[in-house]
Number of protein chains: 2
Amino acid sequence: MKDDETCEVLVVDKAKVNHAREELEKVDIEKMAEFYKAFSDTTRLQIIMALTVEELCVCDLATVAGVSISAVSHQLRYLRNLSVVHKRKTGRKVYYSLRDEHISTILNTVKEHLDET
Amino acid sequence: MKDDETCEVLVVDKAKVNHAREELEKVDIEKMAEFYKAFSDTTRLQIIMALTVEELCVCDLATVAGVSISAVSHQLRYLRNLSVVHKRKTGRKVYYSLRDEHISTILNTVKEHLDET
DNA sequence: TCGATACTTGAATGATTGCGCAAATATAAC
DNA sequence: GTTATATTTGCGCAATCATTCAAGTATCGA
């Protein structure tokens with residue numbers, strides 16, 4: 001009953017396929033992929049990592065990331081929509097910070113993984 | 001000495017900027033972003049999550065992810081180049097698995113984070 | 001009120017990317 | 001040898017994306 005069925009975009013091993021499917025049904029793939037995408041661009045990743053240290057205004061974030069004010073602003077909106085960063089306005093300055101410390105934990109887990117290779 | 005300099009793509013708070021810069025210099029941003037990108041596409045994420053359960057052949061991966069054989073194969077090459085997956089060939093079938101268990105750890109950390117929102 | 005500063009926003013653009021398609025490769029069965 | 005199966009690969013294109021530019025809003029000092 002194993003490996004004797006043809007493939008043809010059908011199934012080779014039904015049990016394994018169903019097992020894997022169950023695993024996928026438990027999570028919101030779309031949402032997860034979106035979250036990872038937040039970290040998948042160098043500008044956004046630099047913004048996020050800079051904010052693990054401390055709160056920064058838009059102007060300083062642009063300097064740190066080495067891109068234009070407009071570019072950071074666009075990416076900050078992106079990260080705001082994903083609830084990754086938090087906005088705090090004082091006068092005409094806008095300070096950004098990470099919405100919660102889980103982000104730092106995730107960053108460190110990945111950092112350690114990459115160091116081990 | 002604080003907040004009294006103009007912005008103009010220069011710096012508002014030099015100390016903070018330098019502090020953030022030091023943090024960024026410690027890591028390879030390019031490499032990290034590339035790693036996150038592996039998880040940022042729904043097809044790739046489905047492949048990776050399916051492989052946390054068990055080894056699967058290309059055909060079954062296509063079924064589980066709900067995409068064509070060609071599409072999975074393209075993405076598997078991508079993941080192979082990033083050393084995320086491992087290839088094992090038996091006869092004319094090719095079985096893929098995750099290269100190490102760190103991946104599962106990372107996936108779980110993020111999964112928990114998203115559940116808490 | 002006026003001008004300068006700090007940031008946001010929408011449209012335009014060039015680059016990247018995911019996937020379909022068709023051809024190619026590799027292995028197994030006959 | 002031929003044929004069928006399983007996967008890989010290069011090309012091309014549509015869709016997505018990151019950034020620039022220019023115009024917009026908001027706040028402060030004069």
Side-chain angles (χ1 to χ4, degrees), chain A residues 2-13 17 29-30 33-34 36-48 55-82 85-96, chain B residues 2-13 17 29-30 33-34 36-48 55-63 65-82 85-97:
Chain A
K2 228 176 163 184
D3 281 56
D4 49 358
E5 305 180 49
T6 62
C7 185
E8 297 277 50
V9 196
L10 290 166
V11 181
V12 171
D13 191 325
V17 166
I29 293 285
E30 208 97 16
E34 254 200 348
Y36 283 109
K37 206 183 280 172
F39 301 81
S40 73
D41 169 78
T42 52
T43 301
R44 286 196 294 270
L45 188 55
Q46 282 181 108
I47 290 173
I48 294 168
E55 189 188 60
L56 286 167
C57 69
V58 178
C59 183
D60 284 355
L61 276 171
T63 309
V64 170
V67 296
S68 73
I69 300 273
S70 180
V72 254
S73 194
H74 276 292
Q75 298 301 351
L76 284 168
R77 173 168 51 169
Y78 184 103
L79 295 173
R80 234 163 43 222
N81 290 338
L82 280 174
V85 299
H86 172 76
K87 187 179 184 169
R88 180 175 72 84
K89 193 167 182 178
T90 349
R92 53 193 145 165
K93 288 217 188 101
V94 179
Y95 287 93
Y96 280 89
Chain B
K2 227 176 164 185
D3 282 56
D4 50 358
E5 305 178 48
T6 61
C7 186
E8 298 277 50
V9 195
L10 288 167
V11 182
V12 171
D13 190 325
V17 166
I29 293 286
E30 209 96 17
E34 253 200 349
Y36 283 110
K37 205 182 283 172
F39 302 80
S40 72
D41 169 78
T42 53
T43 301
R44 284 196 295 268
L45 188 54
Q46 282 182 108
I47 291 173
I48 295 168
E55 190 188 61
L56 286 167
C57 70
V58 178
C59 183
D60 284 355
L61 276 170
T63 309
V67 296
S68 73
I69 300 271
S70 178
V72 254
S73 193
H74 276 294
Q75 298 302 350
L76 284 168
R77 171 168 52 172
Y78 185 104
L79 295 173
R80 232 162 44 220
N81 290 338
L82 279 174
V85 298
H86 173 76
K87 189 179 183 169
R88 181 175 73 83
K89 195 166 181 177
T90 348
R92 53 194 144 166
K93 287 217 188 99
V94 179
Y95 287 92
Y96 281 89
S97 55

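Convention: sequence-line order gives letters A, B, ...; per-chain numbering from 1.
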_Using 0.5 Å steps for rounding, measure from the OG1 atom of T63(A) to the CD1 atom of I69(A)._
6.5 Å

_Within this structure, what is the CG-NZ distance for the pair L79(B) and K87(B), rounded to the nearest 0.5 Å?_
12.5 Å

Once you round it to whole Å, what is the distance between [atom2] of [N] and [atom1] of [X]?
| X | N | atom1 | atom2 | result |
| --- | --- | --- | --- | --- |
| L56(A) | dA6(C) | CG | C1' | 15 Å |
| Y95(B) | dT7(D) | OH | C1' | 13 Å |
| N81(B) | dG18(C) | CG | P | 13 Å |
| I69(B) | dC21(C) | CD1 | C1' | 14 Å |
| L76(A) | dA18(D) | CG | P | 13 Å |
| L61(B) | dC19(C) | CG | C1' | 17 Å |
| Q75(B) | dT7(D) | CD | P | 16 Å |
| D60(B) | dT7(D) | CG | C1' | 13 Å |

*Might you point out which heavy atoms bring L45(B) and A33(A) nearest each other, and give the distance in Å?*
CD2-N, 3.5 Å

Looking at [X], I'd like to know whether one of its side-chain N or O atoms comes within less than 4.0 Å of OP1 or OP2 on [N].
| X | N | result |
| --- | --- | --- |
| S73(A) | dC7(C) | no |
| S68(A) | dT20(D) | yes |
| R77(B) | dT7(D) | no |
| K87(A) | dC7(C) | no |

_Contacts of type salt bridge (Lys or Arg N to Asp or Glu O under 4.0 Å), residue E55(B), not counting sequence neighbours_ = R88(B)

*Validation row: H74(A), S70(A) side chains within 4.5 angstrom (heavy atoms)*: yes

*Taking side chain as C-beta onward, heavy atoms only, is Y96(A) less than 4.5 Å from H86(A)?*
no

*Given dC7(C), dT20(D), dG18(C), the nucleotide with the shortest approach to the side chain of R44(B)*: dG18(C)

Between the protein and nucleotides 21-30 of chain D, are there any N/O to N/O pairs under 3.5 Å, and if so, what are the atom names and distances?
residue : atom : partner : partner atom : Å
dC21(D) : N4   : S70(A)  : OG           : 2.8

*D13(B) side chain to D60(A) main-chain N or O, any donor-acceptor pair under 3.5 Å?*
no

*Would you classify Y96(B) as touching base, sugar-phosphate or nothing, given that sugar-phosphate means primed atoms plus P, OP1 and OP2, and contacts are heavy atoms under 4.0 Å?*
sugar-phosphate

